[in-house]
Amino acid sequence: MNARGDAQEPVDSFVESVLEIVADIPPGRVMTYGDVAATLGSRGARVVGQIMARYGSDVPWWRVIRASGHPPACHEGRALEHYREESTPLRGLNTDESALTGIELTYRVDLRQARWSPSFP
DNA sequence: ACCTTGACCACAA
DNA sequence: CTTGTGGCCAAGG
């Protein structure tokens with residue numbers, strides 16, 4: 001408690017808490033947006049997405065993915081480089097390179113193996 | 001204090 | 001696999 005008589009308030013904003021958790025995910029492991037929210041007692045998966053979009057540039061953002069196993073929207077390529085580097089288990093990796101339409105990247109992270117829980121390593 | 005914005009989620013067809 | 005629907009909820013304007 002503090003001098004104003006306030007009971008415990010979230011010392012960190014929701015934003016800081018999210019970044020804290022994400023920074024805590026070890027290499028090769030991932031959490032879903034919903035998992036991060038749930039860890040904070042929230043169900044605002046979208047909020048976590050918002051926060052990552054705005055403030056995620058300084059944390060390992062590629063370790064936060066969708067519940068489907070798909071990487072963050074519009075960042076599949078960048079994320080894949082990190083996954084290859086830290087040996088994150090992937091499924092259905094497919095690099096169809098069409099000369100005309102460009103590169104089609106489809107893959108998912110293997111959540112069964114890579115899913116991380118902050119309190120249960 | 002209201003309104004809009006989403007790097008989302010679960011479920012249904 | 002694709003759409004569509006309803007829900008979630010903090011941040012920022």
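These numbers come from the heavy atoms of this one structure, side chains and all, not from hydrogens, waters or symmetry mates. In what follows, chains are A, B, ... by sequence order, proteins preceding strands, each numbered from 1.
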For the residue pair [X] and [Y], establish whether any side-chain heavy-atom pair is separated by less than 4.5 Å.
X         : Y        : value
Pro118(A) : Met31(A) : yes
Leu80(A)  : Leu90(A) : yes
Met52(A)  : Val36(A) : no

### Query
Excluding sequence neighbours, so at least two apart, what forms ring pair (Phe, Tyr, Trp, His ring centres under 6.0 Å) with His75(A)?
Trp61(A)
### Task
By nearest nucleotide on DNA chain C, pick out whichever of Val15(A) and Arg46(A) is the more 5' one.
Arg46(A)
### Most 5' of Val47(A) and Arg54(A) on DNA chain C, judged by nearest nucleotide
Val47(A)
### Task
May I have the distance from Gln50(A) (atom CD) to dA10(C) (atom P), rounded to whole angstrom?
13 Å
Once you round to the nearest 0.5 Å, how far does [atom1] of [X] lie from [atom2] of [Y]?
X         : Y        : atom1 : atom2 : value
Trp116(A) : Asp35(A) : CH2   : CG    : 12.5 Å
Glu20(A)  : Thr39(A) : CD    : OG1   : 12.0 Å
Ile51(A)  : Phe14(A) : CD1   : CZ    : 5.5 Å

### Summary
By side-chain contact (heavy atoms from CB on, under 4.5 Å), Glu86(A) pairs with (sequence neighbours left out) Pro27(A), Trp62(A), Arg63(A), Thr88(A)
#### Entry: Secondary structure string for DNA chain C (Watson-Crick or G-U under 3.5 angstrom, | for other-strand pairs)
.||||||.|||||
### Message
Working note: Arg91(A) + Leu111(A), criterion side chain to side chain contact (heavy atoms under 4.5 Å, CB included); need CA distance, chi angles, decisive distance, verdict.
### Response
CA-CA 9 Å; Arg91(A) 307 202 73 170; Leu111(A) 272 178; over 6 Å; no
### Message
Checking Arg66(A) against Tyr33(A) for the side chain to side chain contact (heavy atoms under 4.5 Å, CB included) test, could you report, in this order, the C-alpha distance in whole Å, the side-chain angles of both residues, the deciding distance, and whether it holds?
### Response
CA-CA 6 Å; Arg66(A) 307 186 217 178; Tyr33(A) 294 98; 4.1 Å; yes
Check whether [X] reaches the backbone of [Y] with its side chain - one donor and one acceptor, N or O, closer than 3.5 Å.
X         : Y         : answer
Arg29(A)  : Ala114(A) : yes
Ser87(A)  : Tyr83(A)  : no
Tyr107(A) : Glu76(A)  : yes

### Query
Quick one, which residues of residues 34-44 of chain A touch DNA chain C with a heavy atom under 4.0 Å?
Ser42(A), Arg43(A), Gly44(A)
## Note on the structure
Note: contacts of residues 67-84 of chain A with DNA chain C (heavy atom, under 4.0 Å) are none
### Query
Mind checking which nucleotides bracket the chain A contacts on DNA chain B, 5' to 3', with an atom under 4.0 Å from a heavy atom?
dT5(B) to dA10(B)
